[in-house]
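Only one structure is covered here, and it is reproduced in the block below.
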2 protein chains.
Amino acid sequence: MPTVTLDDVAAAARVSRSTASRVVRGTGPVSAEARRAVLAAVEHLGYVPHPGARALASGHGERVVVAVGSPSADLLADPYVARVVSAASRAADTQGVGVALRWLGLDPRDELRRLARDPGVGGVLLVDYTADVLASVPRDLVARVAAIGPADGRVPSYDVDAAAGIAALVEHVLATGRRDVVMVTGPGWLPGSRRAVDAYEAVTRAAGVPRRVVSADLTTGAGADAAREARRRWPGVDALVAMSDTLAVGAMRALAEDGVRVPDDVAVTGFDDQPFAEQAGPGLTTATHPVERIAAAATTALLGRRREERRTFPSVVVRRGSA
Amino acid sequence: MPTVTLDDVAAAARVSRSTASRVVRGTGPVSAEARRAVLAAVEHLGYVPHPGARALASGHGERVVVAVGSPSADLLADPYVARVVSAASRAADTQGVGVALRWLGLDPRDELRRLARDPGVGGVLLVDYTADVLASVPRDLVARVAAIGPADGRVPSYDVDAAAGIAALVEHVLATGRRDVVMVTGPGWLPGSRRAVDAYEAVTRAAGVPRRVVSADLTTGAGADAAREARRRWPGVDALVAMSDTLAVGAMRALAEDGVRVPDDVAVTGFDDQPFAEQAGPGLTTATHPVERIAAAATTALLGRRREERRTFPSVVVRRGSA
DNA sequence: CACCGTTGTGGAAGCGTTCCCACGCGAGTC
DNA sequence: GACTCGCGTGGGAACGCTTCCACAACGGTG
């Protein structure tokens with residue numbers, strides 16, 4: 001089974017290799033007719049660009065590096081990161097390239113510079129980053145970076161529509177008659193935290209109910225603490241809207257230990273629809289976070305050198321027992 | 001910063017590019033003097049071979065493919081697979097290579113042949129495979145394959161010492177006075193199932209208590225069903241030893257719904273020590289499964305072309321509330 | 001002393017792309 | 001009608017490496 005090259009495609013389409021290359025990469029001026037012929041040939045011959053050759057000629061490489069930008073290395077073992085890597089690996093496989101996982105460390109700027117210089121790196125997928133990290137992306141790397149999560153305009157962003165998801169959850173809770181809804185948000189350095197709070201505030205303001213926010217790290221322990229803090233500060237609380245399932249499960253645990261019934265006394269919602277959300281206590285009401293689709297889209301875009309400003313993926317509410 | 005090429009190295013060492021290449025790859029006859037000069041130049045200039053150029057010229061790349069051998073594609077999204085991919089990606093990154101994820105599909109033999117032929121593939125990590133898949137590894141691929149899990153002698157195996165882990169759990173349960181211990185094992189096609197049962201049988205036989213086994217798919221639903229089946233068939237059951245945390249959590253759920261108290265009426269143990277094991281009901285007693293370490297070791301061995309027959313990693317019991 | 005294999009070496013031809021440059025061509029401008 | 005302009009196109013030189021081949025120098029063999 002001899003490998004199909006761009007020359008084969010060009011010959012089949014009766015154009016030059018240059019034109020075939022332009023069509024495949026989607027750059028430069030090409031007549032509609034030539035484009036059609038080339039695409040047909042690609043389809044027919046089953047052409048797949050050779051990543052090595054591409055890397056060699058273009059000067060920048062093939063590997064996709066999933067770069068974890070959190071200040072701590074713990075998140076490298078995080079299930080969320082694992083899902084991103086896994087989905088990216090699957091998407092990369094179809095293009096004949098591989099994925100690597102790296103922690104940006106304590107000096108992200110430096111590590112990003114190294115990434116930009118590495119001839120083997122075709123693209124960088126940013127995960128769990130701070131605004132700081134986003135700003136340290138070197139200019140010459142920007143074209144090869146995609147952020148999994150919110151971003152400013154400089155770096156393209158692939159993200160769940162968390163604002164809509166959180167808003168829908170808050171509305172759901174209000175629709176069931178709750179009036180004292182506390183938002184449990186993430187740490188301040190996480191860009192998503194701000195966004196979640198904004199969505200929550202918009203809905204609660206419109207509904208004329210009070211706005212109450214507590215902040216916590218994204219662990220079950222912190223979720224438990226947050227639930228207790230909320231009940232202490234606002235004894236009348238009848239709903240807890242958490243920014244993540246992890247937080248929510250922690251909160252439910254604390255409530256159960258304190259003899260508070262879920263959802264009868266306090267409704268609880270999470271976010272992400274992780275596998276354990278289904279297994280937790282009464283079943284956690286949450287909103288989906290299509291991590292796999294997001295990571296796959298970002299990877300494909302990166303490898304295709306297609307540039308998109310931002311792309312958001314819908315989040316839908318999953319009703320279970322907890323709210 | 002211009003990239004350092006092999007020509008630069010050759011020039012600095014006052015030899016030809018050919019000789020420099022021989023030294024770098026460690027092949028072919030080279031005088032001691034030339035070798036020394038080249039290595040010094042490599043060191044001094046900070047030379048790193050361009051993986052793309054290498055792949056292009058040599059015809060074969062070095063990507064590591066994580067191949068999922070289960071009959072169903074669902075397991076591609078499995079957290080276990082995600083952990084393997086994630087750890088492999090991290091290990092691969094240190095060697096400057098990438099990892100791809102692929103499902104072997106309904107005809108694993110065919111897909112494995114394709115992998116063997118693919119010039120971009122440096123190694124294959126087998127995951128979630130049947131004995132069948134193991135046997136279909138083509139001869140010329142064997143040297144580039146490692147199995148994450150049990151294996152026959154043909155393919156090197158990197159695996160947790162599940163037998164010891166299960167045995168320790170059964171012993172722990174017996175030590176707390178249980179006498180009617182049911183093993184909940186996985187589906188027959190999974191090589192690990194057999195092993196778990198063997199370990200269970202050895203310990204129960206030695207202790208002179210009855211041997212009782214039910215089999216189930218590795219889902220919470222199946223775990224719930226298995227728990228009910230066990231109680232129906234053996235009403236006096238006072239302990240459930242499951243082959244995985246997922247199974248155990250499902251079992252606990254069914255028991256709770258049926259009004260059976262854990263651990264007072266029935267003790268439950270899992271295996272894997274997954275994150276949710278801590279959060280489940282009374283906290284799941286389980287045994288560790290160092291997936292990350294296993295995957296990392298297998299990847300490193302594969303890339304270093306080091307061949308090991310098999311390597312097992314210890315599993316230790318984690319005591320929580322359920323047993 | 002012609003012949004041989006062995007050992008170290010350099011030259012050069014690719015590998016499959018991208019990208020720069022030059023070319024032809026028709027439509028506008030003076 | 002000679003001129004620029006822009007578009008679509010093709011040619012060809014890289015890109016950094018591996019690998020094949022040729023060759024020189026050498027000691028050993030008939």
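Proteins get letters first, then strands, A, B, ... in listed order; numbering begins at 1 in each.
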Of all the heavy-atom pairs spanning B:P150 and B:S157, show the shortest one and how long it is. CA-OG, 4.0 Å

Ignoring hydrogens and angles, state whether a donor on the side chain of A:S21 or A:R25 is under 3.5 Å from an acceptor on the partner side chain. yes

Any salt bridge between B:D93 and A:R63, counting N to O under 4.0 Å? yes

Length of the CD-C1' vector between A:E62 and C:dT18, whole Å: 15 Å

Could you walk me through whether B:I148 and B:L126 pass the side-chain contact (heavy atoms from CB on, under 4.5 Å) check? CA-CA 6 Å; B:I148 306 283; B:L126 235 37; over 6 Å; no

Non-neighbouring partners of B:D110 that pass side-chain hydrogen bond (donor to acceptor under 3.5 Å, both in side chains), sequence neighbours left out: B:R114

Enumerate all atom pairs, one protein N or O and one N or O from nucleotides 4-8 of chain D, separated by less than 3.5 Å.
none

Do any side-chain nitrogens or oxygens of B:T19 fall under 4.0 Å of OP1 or OP2 in C:dG10? yes

Cut-off 3.5 Å, side chains only: do B:S16 and B:T19 have a donor facing an acceptor? yes

Heavy atoms under 4.0 Å is the rule here; annotate nucleotides 14-19 of chain D 5' to 3' with B where the base is hit, S where only the sugar-phosphate is, and - elsewhere. -BBBBB

Is any side-chain N of the basic residue among B:E111 and B:R102 closer than 4.0 Å to the acidic one's carboxylate O? yes

Using a strict cut-off of less than 4.0 Å between a Lys/Arg side-chain nitrogen and an Asp/Glu carboxylate oxygen, indicate whether B:R109 and B:D132 qualify as a salt bridge. no

